[in-house]
2 protein chains.
Amino acid sequence: MIIVADNLQITDPAIDHAVREENPAPIRELVKACEMAGAHAIDINSGPLSKEPEKRMTFLVETVQSVTNLPLFIDTANPDAMAAGLSVCQNRAVINGFSLEPKKLDAILPLAAAHDADIIGYLLYPDSHVPPDAAERLAIAVEIHAACAGAGLDPARLIIDPIIAPLAWADGTTQNTEILALLRQLPDLLGYPVRTIGGLSNLTTGPAPREKKRLMERTYLPMLAASGLSFVLMNVLHRRSIETAKACNALTAGGIFSWASLP
Amino acid sequence: MIIVADNLQITDPAIDHAVREENPAPIRELVKACEMAGAHAIDINSGPLSKEPEKRMTFLVETVQSVTNLPLFIDTANPDAMAAGLSVCQNRAVINGFSLEPKKLDAILPLAAAHDADIIGYLLYPDSHVPPDAAERLAIAVEIHAACAGAGLDPARLIIDPIIAPLAWADGTTQNTEILALLRQLPDLLGYPVRTIGGLSNLTTGPAPREKKRLMERTYLPMLAASGLSFVLMNVLHRRSIETAKACNALTAGGIFSWASLP
């Protein structure tokens with residue numbers, strides 16, 4: 001399981017300010033801290049970037065890759081920002097991401113083939129709603145896969161995101177249990193070892209005591225890992241959660257276990 | 001997932017001494033602490049009880065049930081001790097357990113039908129060795145199930161223990177990954193929702209730093225829960241591990257999640 005830091009977000013006021021001021025220092029510090037904590041890749045969540053999208057994403061990507069060689073997940077719904085980020089990205093790039101929404105199919109998906117990049121496909125309806133059950137998720141996975149093939153993209157480039165449900169939803173635990181089954185079924189369904197990603201922070205959105213949120217994060221993560229999740233997008237500065245991620249990898253990687261491999 | 005305390009063990013010198021002296025106080029205190037911590041059942045691990053097996057097991061069972069109404073797992077390889085314990089047990093009783101070892105088939109398995117008790121079947125060869133791979137485990141599960149039927153026992157009484165492997169074994173992580181798959185396959189293989197149990201403490205036997213042991217315990221437990229484990233036998237006084245067990249139940253129980261349900 002590859003650990004992707006979700007810490008670099010424009011919704012963080014310090015990051016928003018740094019982007020507006022074109023001040024690289026806070027971004028560099030955060031990225032270095034994520035790599036030190038054990039991140040294998042960095043998600044750059046720039047939001048929609050309604051103002052100067054190309055300039056700001058270029059600044060973000062160049063700032064991040066000035067301090068790390070880790071792969072970068074370029075995380076925006078703005079196709080101009082995405083194209084600009086991909087153009088300047090010298091690290092390995094992953095497009096985060098597309099869905100069956102027509103404007104994403106038209107403007108985001110083609111960037112994967114054009115830039116020879118991996119791309120995340122969200123298991124969402126074309127109107128961006130979350131499917132209600134396992135059967136619908138499977139149907140959407142097939143459509144996402146077909147969309148990639150239709151866009152001339154090698155399906156090996158696709159990473160499917162089943163969209164972890166907030167526990168606060170009335171059927172949150174049911175949906176998240178179904179997602180575990182889906183992760184196990186997808187390779188058989190699509191006929192190849194398709195990769196998958198889950199956004200762990202989504203599990204605990206909404207108001208709740210911090211320690212309980214962390215506990216649920218640490219508990220659901222091994223369930224995802226045991227179900228074959230390829231990438232986890234998570235807050236890598238949650239110390240116990242990243243310990244758990246590393247312990248998951250020690251348990252699922254096969255080979256000889258070593259206590260010394262643990263944090 | 002039903003949480004069974006493995007804390008009451010004759011290998012604990014205080015418990016050994018209490019049994020020899022027929023002093024119920026330390027046993028009662030321990031059982032009350034386990035119930036307070038969240039145990040749903042108590043395993044009474046008396047060891048082989050080479051001296052006065054009936055008398056000592058009777059003392060143990062009577063002492064435990066004097067302070068709790070929880071189900072009792074009677075955990076001994078000594079058939080005389082097992083029969084004595086079952087005879088005096090007024091709480092719900094589970095026999096822990098039998099295997100394909102001839103003397104267990106002859107002397108332990110028949111006690112289940114005779115005492116109308118659930119019984120744990122260990123996935124071990126008749127010589128008590130651990131099977132090397134998933135295929136052998138499946139074959140033994142079928143034999144264990146057939147042995148129950150042959151003994152006139154309702155298969156619904158059987159609880160299968162796949163024997164969690166110590167991480168210290170060269171193939172420990174591989175075996176434990178196979179056990180997760182086995183837990184998911186067993187109901188289909190045997191054609192009914194057979195119950196399963198795992199001894200979590202076995203994962204971390206051998207020398208290793210305590211905090212790392214606990215981390216692995218907390219990480220493997222959700223994997224077991226997500227794979228459908230029915231009972232976990234664990235040290236319920238490991239505070240963070242029992243928190244994780246409760247969080248597993250909150251995630252897998254279905255229904256509406258409540259943050260207030262968490263420890």
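Here the structure is a predicted model, which means the values were calculated and not measured. Protein chains get the first letters and strands the later ones, always in sequence-line order, with residue 1 at the start of each.
Interface residue B/Pro207: only backbone heavy atoms are found under 4.5 Å from chain A. Residue A/Ala260 touches chain B through its backbone alone, counting heavy-atom pairs closer than 4.5 Å. Of the atoms belonging to A/Leu180, it is side-chain heavy atoms, and not backbone ones, that fall under 4.5 Å from chain B.
The two residues B/Leu215 and A/Pro263 come nearest to each other via the heavy atoms CD2-CG, 4.1 Å. Closest approach of A/Ala226 and B/Met223 over heavy atoms only: CB-CG, 3.6 Å.
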Can you pull out all donor-acceptor pairs below 3.5 Å that join chain A and chain B?
| from | atom 1 | to | atom 2 | distance (Å) |
| --- | --- | --- | --- | --- |
| A/Thr173 | OG1 | B/Gly255 | O | 3.1 |
| A/Lys212 | NZ | B/Trp259 | O | 3.0 |
| A/Lys212 | NZ | B/Leu262 | O | 3.4 |
| A/Gly255 | O | B/Thr173 | OG1 | 3.1 |
| A/Trp259 | O | B/Lys212 | NZ | 3.0 |
| A/Leu262 | O | B/Lys212 | NZ | 3.4 |

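When each of B/Cys248, B/Ala181, B/Ala253, B/Gly172 is scored by its heavy-atom pairs under 4.5 Å with chain A, the top score falls to B/Cys248. With chain B as partner, the option from A/Ala245, A/Ala247, A/Ala225 having the largest number of non-hydrogen pairs under 4.5 angstrom is A/Ala247.
Rounding to the nearest 0.5 Å places CG of A/Leu262 at 8.5 Å from CG of B/Leu167.
Other residues, nucleotides and ligands contribute at most 12 non-hydrogen atoms within 6.0 Å of the CD1 atom of A/Ile256.
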